[in-house]
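What follows is a single structure, written as structure tokens, with notes after it.
Order of the sequence lines fixes the chain letters, A, B, ..., with proteins taken first and strands second; residue numbering starts at 1 for each chain.
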Amino acid sequence: MGLDCGAIASCRKAIVTMPDSVSAPLAPPRVRFAPSPTGFLHVGSARTFIFNWLYARHNHGTMVLRLDDTDVERNTEASARSIFDGLRWLALDWDEEYKQSERLALHRHQAEAIFAKGLAYRDFTPAHATDDDNSSAQGAWLFNPGMREMSREESDRRAASGEPFALRYRVPRGPDSGVARILHFVDGVYGAQSRPADEVEDFALLRSDGMPTYHLASCVDDADLRISHIIRGQDHLTNTYKHLLIFEALGAAAPQFAHLPLLVAPDGAKLSKRKHGPVVSVTTYRDAGFLPQAFVNFLCLLGWSPKNDREFLTLDELTDLFTLEGVNRSNAVVNFNEELPFDEKAVWLNAEHIRALPVDELSRRLEPFFEQAAFHPTPEKVAAVTPLIRERIKLLRDAVSAADFFFVSELAPYDPAELIPQKGDAAMALRVLETAQQVLAATNFDHDSLDAALRGAAAQLGLKAGQAFQPIRVAVCGRKNAPPLFETLVVLGRDTCLARIRQAEEKLAPLG
RNA sequence: GUCCCCGUCGUCUAGCCCGGCCUAGGACACCGCCCUUUCACGGCGAUAACACGGGUUCAAAUCCCGUCGGGGACGCCA
């Protein structure tokens with residue numbers, strides 16, 4: 001076939017040598033995640049990665065990461081980087097890493113071997129000539145007429161003359177043997193599957209530029225890397241028959257297959273960047289302030305269930321509980337729309353994980369968000385603020401709007417009417433603020449002292465605590481809804497509190 | 001068009017394989033009440049689903065058939 005196989009020797013060295021386990025029943029599984037670098041890390045891909053990872057760790061197996069980059073036209077460096085970014089954020093590791101483009105020699109070598117066995121043929125149909133119109137006579141699309149039956153002599157002669165060709169698998173058909181062969185396998189999720197080989201088209205193994213197709217490269221590598229379980233999206237379910245044929249041609253035992261139900265958008269269609277926008281990229285979740293463990297937790301609940309009504313699960317618990325039997329068969333909707341860009345269950349889980357985090361760690365996670373908001377946070381300040389907001393945020397980025405008044409030197413403008421308590425008037429607000437200044441100036445700035453002093457002052461004014469605290473809260477926070485008052489005052493410090501109360505009085509004056 | 005997969009509250013799901021314990025359980029969201037210095041957290045409660053039609057059976061969400069609906073695959077993309 002005139003293929004250059006010079007690199008095969010070096011390529012072979014990279015092959016993992018496994019102890020020739022005589023298919024030991026309890027051999028640790030080897031699974032792989034094989035993204036193609038043609039975009040960012042998709043949430044569907046992320047879930048596939050997570051399920052593979054969970055399966056590997058649960059069974060004490062090996063997680064392989066393989067970059068399926070055989071489409072030179074569409075692959076980009078930037079995309080590969082962004083996928084690694086996403087994977088690193090998830091904080092799940094892998095044990096071995098490969099790049100398909102570095103294994104081309106092996107793919108071609110195996111393609112040649114398949115051709116030599118007579119299991120494939122050259123197709124000289126010009127590239128793109130078959131792009132449309134497969135629908136002529138029924139069955140005609142299964143192969144390009146004239147190519148499959150071409151004599152070896154003519155095929156060799158044409159190839160020798162330099163005519164470009166694609167290599168196609170010669171799928172066994174009824175007319176060849178008289179009986180239609182039935183292909184079958186048992187899917188780890190969908191159960192027994194079968195299909196007559198006649199219904200499988202003569203798919204390409206090699207493109208006319210000599211590059212392997214996905215089907216070939218993927219199977220050659222899976223066989224060579226001794227992948228024992230292929231866990232992937234359900235969109236590959238019917239491709240599996242082709243893969244079975246390739247493994248057979250390779251003389252390799254086919255791995256176990258398990259297909260995962262698809263993640264779909266509210267419109268029911270498979271999640272896609274083009275149709276559904278940035279919500280399908282995991283970096284969108286990261287940047288919005290999802291915790292990776294919450295994101296992982298959420299994705300696991302889509303198409304899988306521990307069947308014990310538990311939903312908040314740590315990585316260790318997920319690893320412990322994960323089995324293929326727990327995976328269901330129907331597509332799962334990731335719920336989002338223009339107003340709510342994220343699935344509300346994901347948001348809730350994130351809030352749960354935020355509250356479960358030790359304060360110092362949450363604090364560390366929050367810092368970048370404050371920095372991005374130009375708050376110039378010091379670790380000490382953030383550490384003091386964190387416990388006051390952690391029950392009030394659902395996404396990390398919510399911290400910016402929940403805690404802004406702790407960081408800015410000048411409060412954003414607010415409506416002075418907010419200073420007036422329930423069932424009160426401006427005069428009452430003024431009296432409260434006046435008293436508050438005296439109290440704050442004279443009291444120790446710790447929670448208990450402030451509590452006692454301010455409650456006492458409220459009583460003396462003949463006001464309920466709620467009425468008395470509102471003007472003070474609005475004066476120091478610039479809004480009605482805020483963390484508990486005394487803690488807030490302490491973190492803000494006496495000078496800031498006094499200054500803001502004075503400013504509030506000025507705002508109130510015109511209303512009095 | 002051909003083939004394949006799926007169908008329980010709005011959404012994620014348990015139950016289905018091994019019919020009866022299902023007047024169908026949990027969770028998110030929504031609504032109401034309680035707690036409370038606001039917001040939030042927490043607690044309690046309410047609304048809400050077996051796609052439809054036939055069978056089989058004393059009994060069906062669970063088994064069988066059909067219909068409808070949704071999705072996927074069919075590339076020299078992965």
Side-chain angles (χ1 to χ4, degrees), chain A residues 34-38 68-71 73-75 123 125-132 134-135 138-139 141-142 164-168 187 190-191 193-196 199-201 203-215 217-218 233-242 259 261-262 264 266-270 298 301-312 328-336 340 343-349 351 355 389-394 402 421-422 451 454-455 458 464-470 472-474 477 479-486:
Chain A
S36 77
T38 55
D68 278 8
D69 54 351
T70 53
D71 184 347
E73 305 226 331
R74 303 197 310 155
N75 294 333
D123 182 349
T125 309
H128 307 300
T130 53
D131 277 3
D132 39 44
N134 277 336
S135 53
Q138 69 267 64
W141 57 273
L142 288 172
F165 60 87
L167 190 70
R168 279 183 190 283
D187 190 271
Y190 288 89
Q193 304 289 316
S194 66
R195 183 178 201 183
E199 291 175 5
V200 179
E201 68 279 11
F203 54 94
L205 260 19
L206 245 31
R207 303 181 172 95
S208 49
D209 63 2
M211 289 292 283
T213 61
Y214 158 73
H215 297 302
S218 174
Q234 195 240 46
D235 46 353
H236 282 296
L237 193 60
T238 48
N239 281 334
T240 305
Y241 299 103
K242 295 171 195 162
H259 290 86
L262 263 22
V264 300
D267 66 6
K270 186 164 73 159
F298 170 66
L301 261 18
L302 258 23
W304 173 82
S305 162
K307 302 188 191 298
N308 60 4
D309 284 345
R310 292 194 54 201
E311 306 208 289
F312 176 91
N328 63 38
R329 282 169 281 275
S330 45
N331 293 168
V333 175
V334 178
N335 221 348
F336 62 86
L340 287 327
D343 191 305
E344 293 179 277
K345 192 144 195 172
V347 173
W348 168 74
L349 272 171
R355 281 177 237 130
I389 60 170
R390 77 170 188 155
E391 282 177 352
R392 272 159 267 265
I393 59 174
K394 291 174 190 279
Q422 289 289 15
D451 187 328
L454 287 169
R455 275 184 206 282
K464 289 199 216 165
Q467 282 180 303
F469 295 167
Q470 158 135 338
I472 305 174
R473 176 180 297 111
V474 174
C477 300
R479 71 172 92 108
K480 282 182 184 171
N481 300 340
L485 185 58
F486 311 130

What is the distance, rounded to the nearest whole Å, between atom [atom1] of [X] and atom [atom2] of [N]?
{"X": "A:Ile389", "N": "B:rC41", "atom1": "CD1", "atom2": "P", "result": "14 Å"}
{"X": "A:Lys307", "N": "B:rG26", "atom1": "NZ", "atom2": "C1'", "result": "13 Å"}
{"X": "A:Arg390", "N": "B:rC39", "atom1": "CZ", "atom2": "P", "result": "21 Å"}
{"X": "A:Asp267", "N": "B:rG10", "atom1": "CG", "atom2": "P", "result": "18 Å"}

Report task. Can you sort out the partners of A:Lys242 under side chain to side chain donor-acceptor pair (under 3.5 Å), two or more places apart, ordered by chain and number? Result ->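 Only A:Glu201, A:Asn239 meet the side chain to side chain donor-acceptor pair (under 3.5 Å) criterion with A:Lys242.
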Mind checking the [atom1] distance from [N] to [M]? Whole angstroms is fine.
{"N": "B:rG45", "M": "B:rU37", "atom1": "C1'", "answer": "26 Å"}
{"N": "B:rC76", "M": "B:rG71", "atom1": "P", "answer": "25 Å"}
{"N": "B:rU8", "M": "B:rC4", "atom1": "C1'", "answer": "23 Å"}

Query raised in the report: Side-chain donor or acceptor of A:Asn331 under 3.5 Å from a matching atom on the base of B:rG71?
Result: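 No pair found.
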Requested in this report: Decide yes or no, distance alone: a donor-acceptor N/O pair under 3.5 angstrom between the base of B:rC12 and the side-chain of A:Lys345.
Outcome: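 Side chain to base: pair present.
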Report task. Would you mind classifying the nucleic acid contact of A:Phe486 as base, sugar-phosphate or nothing, using non-hydrogen atoms under 4.0 angstrom? Result ->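 Contact class for A:Phe486: base.
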**Report entry** Complement of B:rC74, any strand, by Watson-Crick or G-U distances under 3.5 angstrom
**Finding:**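 Base-paired to B:rG1.
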